[in-house]
Structures are given as structure tokens and as C-alpha cells.
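For reference, the structure discussed in these notes is given below.
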Amino acid sequence: MANRIQINKEFVDIMPQDYLDLVESGTYETPNRGWKDFGTATELIAEHSLCAGCPESIAFRHIMASIPNPEDTVMVGSTGCTSLVFPMIAVHNIHSLFGNQNAIATGLKRALAVRFPDRVKDVIVLAGDGATVDIGLDMTLQSWFRKERFTTICFDNELYANTGGQESGLMQKGFLAKMAPVGKRFEKVRLPEIARESGCDYVAIMTASKPSLVEKVIKQAVLIAREVGPTYIQIYTPCILEIGKQSMEGLQEMRTSEAPGERFKFREFISPEAQSFLDGLAEKKKAEKIATTT
Amino acid sequence: MYNVAEVNAEACVAQKGCRLCIMYCPEANCIQMDMKNMKAVIVEARCKGCELCVVVCDAAKHNAIKMVAR
């Protein structure tokens, strides 16, 4: 079904230029889309209201460029800085109550399977660490226990950023924030390990400093969620304002935190079922490549 | 006064495949590729002046971007 993204000819003269650009050069229905489209194609995110230099917006751009089929994807968001971006993305999305995102995604995924039995529909949850780990931990864990087939992405900035810097479950031990002056007394919640034990078939923890790695992980996670089971990605997106950095220092902060031995060193867990699925995909790709070259 | 980034087209090495500033800019559709001249171009209306592009460009020793007042 080619060219599903079209504009009614009657509307061409009254729609804003940004909209026309999206229809014209947005990367819908494009196989092998990725960050390489940056600069030449219109991105599926525009003019968001996050702070200048916010690492979260870098991560958001890379994710929007990597999701395998944006025209058949529904994203579920929650309260936080991410909810400032959701109105500005060109993919169907739902804003849920704070913490409810995985419960909503569960119902949505099941309803889409009934409504569109012959079409692949992806559901992606994207929420901050407060929604995923503190307020919505119940819904997050229950969706993994039930093996619901969608991807959960957590933007981990290690505190409640847009309410002034309160302590969150993913904050490091001993960290002082503006609204947590005593310092955190407990360890950072080990959600990747919890996710693995709760039934996720693919778990990754990383920062947003390497676009190609983000692209690879997001694609794997969405494809595994389609066929095998729940997937979880935790991305470090530091809040430069709350940790006292300048706008241009966010990238260095991410690189420092992913050094060997640091808390965001890239780790991934792939279950045996997911691994055999990925191997199958790689073999298929190889066979296609040989078929095209010979 | 508001600071925005400006690309020096002579120093920019985008024709050799460099996409550093385009990759790391936090704003979407802000740094575009001029496919005719193969150089990076800043869309000033979208630039928030964070200087991340300057940092990555300087780190790669291209020194092609600087901040200008508007």
C-alpha cells in the first residue's frame, strides 16, 4: 500500500509550509530510515519547547528518526518534559495520566490487533523516570509480567526535572538536588535488572551520545516487541539545568557517564527467543543482499 | 540580543561526509544540508543558541561554526 501519506489537493494552499514539507519529504514508508536522513529529509519532530541544548531532545530526534514504520506507530507519553514534545511530533500519540502509560499501551496494543488484524501496528511508550519507576512502577511491571508486546523507553534524567529537581527512584545515591538538599539515601533502582527478571525479552541501558547505537537499539527493540515480547530501553538524558551544566555541556556529560565502569555503560540483555529472532532477521538480510548483488 | 550559530562554508567539510553538527543539534530541522554546495546551513529561526554544534565541530578540529549575535 504505497503512498498512504497524502494531502487533499483542496487543502494545499491553506496548509502551513511545515505540513507540506512533511508530506513532501517526511520519511514515512521509507525502509532503512535512520539518523542519516537528518539534514536532507524533513524530521518527524519540529520546534519543540525543550531548553536549549537539552540532551533529551537529542535522544528524541534520534528515536523519531529510527522507529521502523512511523505511519503505523502509536506513541504513548506521560507527564514530564517528554509531554512538552509530544504535541510537536508527526506520529500518532496519546498523553496518559501520570504513571498510567503502560496500562494505556496495553489496551491500545490489544485494540489495534483487533481493529487491524492484517496490519503491523507498533506501540511505543516513552516516559520519564518519574512516570516509569516511581509513580507508574505498578503499571510498568504488570505489563511486563503479562508479556505485553510493546516497547517501553525510559528517559532517565535521575530526578524530577520540570518541577524543580526532586528526588526520584533512579537518582544516584548521595546526589544533592535543588529540592532534595539532604542527598539521596538509597541506591539507584536497578530497573534494567528488574526488567530482565520480569519477563522483558530485550533490555538495554545507554546514553544518547551515539546516534547509530540508539538507532540500532530502537529498531531491535521495536522489532522484538512486534514478534517476541516486551522490551525496555533506559536512556540517560541528563537535565543540564538541574545538575548545574551549561547548554553545550550535555553531550560531554553523557559521554562521561557511559565510560567503562560508570552507571550508564552500554549493556543489553537479549533473551534466547529474541536472539534467535534477531539471527533469523540477519540471515534474511544477508540473503537479500546476495540476491541483489548477483 | 540573541546568539545563533553560523557556518563558515569554506571551513565546513560536509562534502567529505561530516555530519557532526547535524547529528548532535538538539533542534529538529535546524541544521540542513545544502545539497548543491554540500555544506551545512543553519536555519536561524530554529536555532536556540546552545552551542553544541560549536563544541562538536571544534572537537573534530574543523572550527567551522561560530556564534553570532542577532
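Note that the structure is predicted; figures quoted are calculated from it, not measured. Only this structure's heavy atoms are used, side chains among them; waters, hydrogens and symmetry mates stay out. To find a chain, count down the sequence lines: A is the first, B the second, and so on, and within it residues start at 1.
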Exercise: do A:Arg33 and A:Thr27 side chains pair donor with acceptor under 3.5 Å: yes
Among the listed options A:His48, A:Met64, A:Met88, the residue most often paired with chain B at heavy-atom distances under 4.5 Å: A:His48
B:Glu10, CD atom: more than 12 neighbouring heavy atoms under 6.0 Å: no
Proximity of residues 11-24 of chain B to chain A, residues having a non-hydrogen atom under 4.5 angstrom: B:Arg19, B:Ile22, B:Met23, B:Tyr24
Residue part contacting chain B, namely of A:Ala41, when any heavy atom lies under 4.5 Å: backbone
Residues in residues 30-45 of chain B near chain A [non-hydrogen atoms, under 4.5 Å]: B:Ile31, B:Gln32, B:Met33, B:Met35
Single hit among A:Asn69, A:Asp72, A:Val91, A:Leu223 for side chain to side chain contact (heavy atoms under 4.5 Å, CB included) with A:Asp122: A:Asn69
Top of B:Cys53, B:Pro26, B:Cys25 for chain A proximity - count of heavy-atom pairs under 4.5 angstrom: B:Pro26
From CA spacing to verdict: side chain to side chain donor-acceptor pair (under 3.5 Å), A:Glu242, A:Tyr160: CA-CA 9 Å; A:Glu242 297 298 337; A:Tyr160 286 83; over 6 Å; no
B:Lys48 (side chain) donor-acceptor with A:Leu50 (main chain) under 3.5 angstrom: yes
Polar side-chain atom of A:Gln234 near backbone of A:Asp156 as donor-acceptor pair, under 3.5 Å: no
A:Asn157 side chain to A:Thr237 side chain, donor-acceptor N/O pair below 3.5 angstrom: no
A:Thr207 side chain to A:Glu258 side chain, donor-acceptor N/O pair below 3.5 angstrom: yes
Positive for side chain to side chain contact (heavy atoms under 4.5 Å, CB included) with A:Tyr236, one of A:Met206, A:Glu262, A:Arg263: A:Arg263
Whether over 12 other heavy atoms sit under 6.0 Å from A:Gln172 CD: yes
Crowding at NE2, A:His92 (>12 non-hydrogen neighbours, <6.0 Å): no
Choice from A:Ile240, A:Asp21, A:Ile58 maximising heavy atom contacts with chain B below 4.5 Å: A:Ile58
